[in-house]
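Heavy-atom basis, side chains included; hydrogens, waters and symmetry copies ignored. All of these numbers come straight from a predicted model, not from anything done at the bench.
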Amino acid sequence: MPNAPFTPSPVLAFDCAGSSCSAAILVGDQVLAQRFEARRRGQAERLLPLLQECLAEAGLSWTDLGRLAVTRGPGSFTGVRVGLATARALALASGLPLFAVDGFRLYAAMTTHSLPEATRRNSALVVAIDARRADLFLQCFDAQGQPLAEPQSLLPEQAAARLPAGPLLLAGDGVEQLLPALTGRDYQVVEGSAAADSVALARLAANLPLPPAGSLPPTPLYLRPPDVSLPGKPRA
Amino acid sequence: MLILGIETSCDETAAAVVSDADVGARLRANLVFTQLEEHRLYGGVVPEIAARSHLERIDALVAEALREAGVDFADLDAIAATTGPGLIGGVMVGMMTAKAIAAVHGKPFVAVNHLEGHALTARLTHDLPFPYLLLLVSGGHCQLLAVEGVGRYRRYGGTIDDAVGEAFDKTAKLLELGYPGGPAVERRARSGDPRRIALPRPMVGRPGCDFSFSGLKTAVRHALGKLESVTPQDRADLAAAFQAAVADVLADRSARALARFQAETGQSGPLVVAGGVAANATLRARLSDVAQAQGTELIAPPMALCTDNGAMIAWAGLERFRLGAVDGLDFPARPRWPLDSLSAPTASTPAATASELAS
């Protein structure tokens, strides 16, 4: 089983769901290539060239890879789709297993990786993701990294009212939007957590169990229905 | 030569495999998933719903098209996808799918203008030589163009307000005939009297080849407003009157365009009609009369190739690719992309070989 978990085979991971476009190739703990571009637009133009640059830097071709990983949102609807459409087609064309991770889980993993256990022990983690409008996407985790509730789309004040008691760790590209609502709270913003990290994504994906054969391809996490209203009776 | 074509610019998710074999053996697979039911409730295409739906299906549809064609990715010569014009969220889904396949297999990626797909369909189905006159009529487009070559279009005229398919949809909404409006109006018009209620013929008799349909839709609304209570027969008569008015407008504009085409090319035609509105039998019959009156013929691709499909994108990609066109994987999606802004592929942009692309 060449793709079994813990067998080091290169993982290509990428993200373009939020305000950046990034990619990384990892083998075990070794980062073979890494790219990060802060950009809120233009992912459809940059993504494939970025992946090819990573492969070239790692000296690998598509057939050398063992796994693909992508973020499945939430974030910008278009960014989420550009990432997933690309990932699903790469998986179809290469036969590689594809792992799609939601942004909350990714930021939680980034936090676990970057902060010592002692710092995390007494704090709940709040992951806030930029929704590109007044509200933001939010999910809270306990000190053990277990989700406390389902992710939601909330206004900052609504979000603040639902946060767990006690000290908080904050991560995600929506944190800045949440801060003004957190006056009086004891919080710490996790360093380096203001953008999705493809290296962390690759590390996560490397350790996930393979999906059963015949599984359906991963789907996006939009967290919000399309903006649309039913038409009224036609004017006549 | 085998080309995979992907189309996701509106409300049809489509994938096809097309070859450059003789007419009749070109369509190796042509699969279309229509999102009609997903949009029906809203009386029109909702862009975000369309984009989400394309993402759900396009990869499986591509796999199915290859299976049906009996080919593998490795057998393809190039991957083509619509990169505009259209609803940008959906366009990106198909475009990224094509780019990803091209990247993995080191195949050339060909960016196709959706309108060029419609414009070249008559060559896929009829091996039609250049030049010809094209009437492109769909939900989003209404224009007359001289097609002089791949990438070479001279615009004679277009709509100054609504597209003709849009006018059908809006009229169907006013008459409460359901969605999509084109087939609904055509069906109801069969039992109607086109002469009972007089509607205007916008632009008819005017110089040039432009269209206007918004006034016609307003006239339908006014006519409805004048009726005490609207009976099924009223709706049928109005549908028939509307359709007859559209037919007169299209006939007048096409006749003018044919005259200009003759003056500029020395050829009397042919007149090619493409786009979803070409499915309307009354309009086709009328356009056929116009063509015959001017000593030429009307060429209309089969219905399945008039509405949006992957085969036309694969074919336009094939025509561009065999002239040397290859596009970078950094090609942008374009919500607006007029046909007459295209240029012909030239030998100065030779097709990169698969090995060059794979590196």
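- R88(A) places no side-chain N or O within 3.5 Å of a backbone atom of A60(B) that could act as its donor or acceptor partner.
- Only the side chain of V46(B) comes within less than 4.5 Å of a heavy atom of chain A; its backbone N, CA, C and O stay farther away.
- Residue contact with chain A, scored on non-hydrogen atoms closer than 4.5 Å, involves the side chain of F73(B) exclusively.
- The residue among A93(A), A89(A), A91(A), A56(A) with the most heavy atom pairs within less than 4.5 Å of chain B is A93(A).
- Expressed to the nearest 0.5 Å, how far CZ of R52(B) lies from OG1 of T219(A) amounts to 11.5 Å.
- Comparing A98(B), P332(B), G328(B), A333(B) by how many heavy-atom pairs each has under 4.5 Å with chain A, the most go to P332(B).
- How far CG of L90(A) is from OG1 of T97(B): 9.5 Å, rounded to the nearest 0.5 Å.
- Residue R196(B) qualifies as enclosed at atom CZ: its count of foreign heavy atoms under 6.0 Å is above 12.
- Proximity to chain B involves both the backbone and the side chain of R81(A), based on heavy atoms less than 4.5 angstrom apart.
- If you measure heavy-atom distances from T86(A) to chain B, the contacts under 4.5 Å come from both the backbone and the side chain.
- Around CD of E157(A), the count of heavy atoms belonging to other residues, nucleotides or ligands within 6.0 Å exceeds 12.
- Closest approach of P217(A) to D59(B), counting heavy atoms only: CG-OD2, 3.8 Å.
- Nearest heavy-atom pair across W62(A) and V104(B) is CD1-CA, 3.8 Å.
- In terms of heavy-atom proximity, P226(A) sits nearest to I49(B) at CG-CG1, 3.7 Å.
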Item to check | side chain to side chain contact (heavy atoms under 4.5 Å, CB included) assessment of M96(B) paired with L48(A) | outcome: CA-CA 8 Å; M96(B) 296 316 290; L48(A) 261 310; 3.6 Å; yes
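- Contacts of L51(A) with chain B are absent, with no heavy-atom separation under 4.5 Å from either backbone or side chain.
- Counting non-hydrogen atoms of neighbouring residues, nucleotides and ligands closer than 6.0 angstrom, the CD atom of Q233(B) exceeds 12 such neighbours.
- In this structure, R105(A) places its CZ atom where only 12 or fewer heavy-atom neighbours from other residues, nucleotides or ligands lie under 6.0 Å away.
- In this structure, A44(A) and K99(B) approach most closely via the heavy-atom pair O-NZ, 2.8 Å.
- Across P225(A), G42(A), A87(A), the residue that shares the most heavy-atom pairs under 4.5 angstrom with chain B is P225(A).
- Considering all non-hydrogen atoms of both residues, F77(A) and E48(B) come closest at CD1-OE2, 3.2 Å.
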